[in-house]
Amino acid sequence: IEWITQNGICLDNIAMERSTITQAGNGAFARRFIGEGQVVTPAPLLQIMNRDTLKMYKLVEVEDKLVCDENDTEPIGDQLLLNYCFGHVESSLLLCPSSN
C-alpha cells in the first residue's frame, strides 16, 4: 500500500458526460480540479519509430498473394491510425495512444 500511495496515479480525474454544446455528443470532463502540470489521465503510448510505415501503396496480385506494386513508388494514402497519433513535423517518431 505504501508503494501505491507514493507512485499511484488516480484514474478517475475525468468522466464521460454529455456536452452542453449542440451536436457535440459526449466528452471528457474533469471530476475535480486539475492543476497546471498535473496528469489528467495516464495513457500508454505505442511508439512508431518511422511515420512512413503508415503509408499505403497500391497492391497487385502475384501468385495468389497481394504485394506492393514494385513499379509504383508513390503512396496512395495513409493508414487510419495516423489520425490518432501525434508527433513533430521534423521527426519521424509518432506516439499513438494505446488502449484495450
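Numbering of residues begins at 1 and proceeds along the displayed sequence.
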Novice: Linking I/L/V/M/F/W/Y whenever their side-chain heavy atoms sit closer than 4.5 Å, directly or via other members, would Leu54 and Leu46 fall into one cluster?
Specialist: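 Leu54 clusters together with Leu46.
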Novice: How close do Asp12 and Arg31 get, counting heavy atoms only, and between which atoms?
Specialist: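 Answer, listing the atom of Asp12 first, then Arg31: O-CD, 3.0 Å.
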Novice: What distance do Asp78 atom CG and Lys55 atom NZ have between them, rounded to the nearest 0.5 Å?
Specialist: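 Rounded to the nearest 0.5 Å, the CG-NZ separation comes to 4.5 Å.
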Novice: Going from CG on Asp52 to CG on Leu94, what distance comes out if it is rounded to the nearest 0.5 angstrom?
Specialist: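 Here the interatomic distance stands at 9.5 Å.
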Novice: Are the side chains of Val60 and Leu66 in touch, meaning some heavy atoms are under 4.5 Å apart?
Specialist: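 A side-chain contact under 4.5 Å is absent here.
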Novice: Between Leu93 and Ile48, is a side-chain contact (heavy atoms from CB on, under 4.5 Å) present by the stated rule, with each step listed?
Specialist: CA-CA 6 Å; Leu93 173 69; Ile48 298 178; over 6 Å; no
Novice: Check this for me: Ile21, atom CD1, are more than 12 non-hydrogen atoms of other residues, nucleotides or ligands nearer than 6.0 Å?
Specialist: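 No, the 6.0 Å shell around CD1 holds no more than 12 heavy atoms from other groups.
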Novice: Kindly check if the number of other-residue, nucleotide or ligand heavy atoms within 6.0 Å of OH (Tyr84) is above 12?
Specialist: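 Atom OH in Tyr84 is not crowded, with 12 or fewer foreign heavy atoms closer than 6.0 Å.
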Novice: Is Asn13 reaching over with its side chain to a backbone N or O of Thr41, donor-acceptor style, under 3.5 angstrom?
Specialist: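 Answer holds: no.
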Novice: Looking at every non-hydrogen atom in both residues, tell me the closest pair between Ile34 and Ala30 and how far apart they are.
Specialist: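 Closest approach of Ile34 to Ala30: CD1-CB, 4.0 Å.
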Novice: Other residues, nucleotides and ligands only: do more than 12 of their heavy atoms fall within 6.0 Å of CD on Gln47?
Specialist: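 No, because the 6.0 Å sphere around CD of Gln47 holds 12 heavy atoms or fewer from other groups.
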Novice: Could you pull out the closest heavy-atom pair between Gln38 and Phe33, with the gap in Å?
Specialist: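 Scanning both residues, the minimum pair turns out to be OE1-O, 4.2 Å.
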Novice: Measure the CD1-CZ distance between Ile14 and Arg32 for me, rounded to the nearest 0.5 Å.
Specialist: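 Taking CD1 in Ile14 and CZ in Arg32, the distance rounds to 11.0 Å.
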Novice: Any chance you could measure Cys68, atom SG, to Leu59, atom CG, to the nearest 0.5 Å?
Specialist: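 Nearest 0.5 Å value for the SG-CG distance: 5.5 Å.
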Novice: Counting distance only, does the side-chain N/O of Arg51 pair as donor-acceptor with the main-chain N or O of Ser91 below 3.5 Å?
Specialist: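 Confirmed, Arg51 side chain pairs with Ser91 backbone.
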